[in-house]
Amino acid sequence: MKQALQNTLNRRTFGCTGAAWVLFAGCPSRSSSQRGTAAGKPVIVATTGMIADVAKTLAGDLATIEQLIGPGVDPHLYRPSSDDVRSILRASLVLYNGLKLEGRMGDVLEKKSDNSPRIPLCDQLPQDRLLGHGEGDSAMDPHCWMDLTLWEMVSLKVEDAIVKLLPDHQSEITARGATLRQKMQQLNTVISEWMQTIPESQRILISSHDAFQYFGKQYKIRVEGIQGISTTSEAGLKRIEELVSLIVEQKVPAVFIESSVPEKGVQSLREGAKQKGWDVALGGTLYTDAMGNEPPTNTYLGMMEHNARTIVEALGGSPTPPPPPTPSANDIRHGSVRGAVS
Ligand SMILES: [Zn+2]
């Protein structure tokens, strides 16, 4: 019932601004819920906000983007509604993360379709760039968007799929793709520089669940999650005790909550550390498996910049001013979303 309520209540206009230097302000409004009403436009269904954002940036007004899993909603636990299933069946193109991120949507997403391609984007990344679970099975870590260089590859897959759908607009779509990838590369460089400003002994990122392995590898920071790679099972007392010991021994300055995961585990860490005489701060909220509702975290680039800035500031580094904005018409975007957190 809760999910049905979410799906009914939370269609909204997709915000159009992002991180200050990435995107420029200005957001002409347009009604959401346009699927099927935009005459002649193909409908692209994307599961997560991170995928929908790339698709919208590349397609612009040439297609209608439907995002199934909204801000603040955990994709590991998300169950598709009957509306979602209908959307998937009717879509011209379905883009999803894969690697079992959308664990409870697998039956619907993986079903073969004669009508439209269904693309598991992270499944198609080079195998040697994927990280393993480390949890006793052969499954891979699905949180690929946390490395900008991997998401750049994903954006190429999205671009190819949209060009196939709209071949008459190839040059327009590829130009947008090139601009997007340039921004991703710039942000990747900026984040790498920021992370280096954290004192080496404090480069430990502890958050609610193990979403940061790709981020940690790319930006050379040790990462520890309270819960594992998925949020489907709660963390045990043993894990909390391990992390409390780490925090106290290493004098970790801050721990982080995640917008799509309950903060109970993080609070347990803080209480545990306090009992052992170490005050660990709450470093802020990170957007990991879902983007935010408001700028700057309602775009992929904005979310990544916010996360990096929050981490660097809380762990004793110094995020220097970013490069000046390079706005383009492509920065204005709209769309529809449902399944948002209420
Ligand atoms: Zn996750």
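It should be emphasised that the depicted structure is a prediction, and the values quoted were computed from it without experimental measurement. Side chains are part of it too, since the values below use all heavy atoms of this structure and drop only hydrogens, waters and symmetry mates. All ligand and atom numbering here is 1-based and tracks the order in the structure. Throughout, residue positions are numbered sequentially from 1 according to the sequence presented.
- Distances from the Zn ion (ligand 1) under 2.8 Å pick out these protein N/O/S atoms: H76 NE2, H143 NE2, H209 NE2, D289 OD2.
- Between the side chains of Y219 and D147, no donor N or O sits under 3.5 Å from an acceptor N or O.
- Among residues two or more places apart in sequence or in another chain, the side chain to side chain donor-acceptor pair (under 3.5 Å) test is passed with T47 by E102.
- Judged by distance alone, the side chains of S116 and R90 never bring a donor and an acceptor atom under 3.5 Å apart.
- Residue pairs satisfying the salt bridge (Lys or Arg N to Asp or Glu O under 4.0 Å) criterion with at least one member in residues 265-289, sequence neighbours excluded, are absent.
- Between E241 and R239 no salt bridge is recorded (no basic side-chain N to carboxylate O distance below 4.0 Å).
- With sequence neighbours left out, the side chain to side chain donor-acceptor pair (under 3.5 Å) criterion links T288 to E258.
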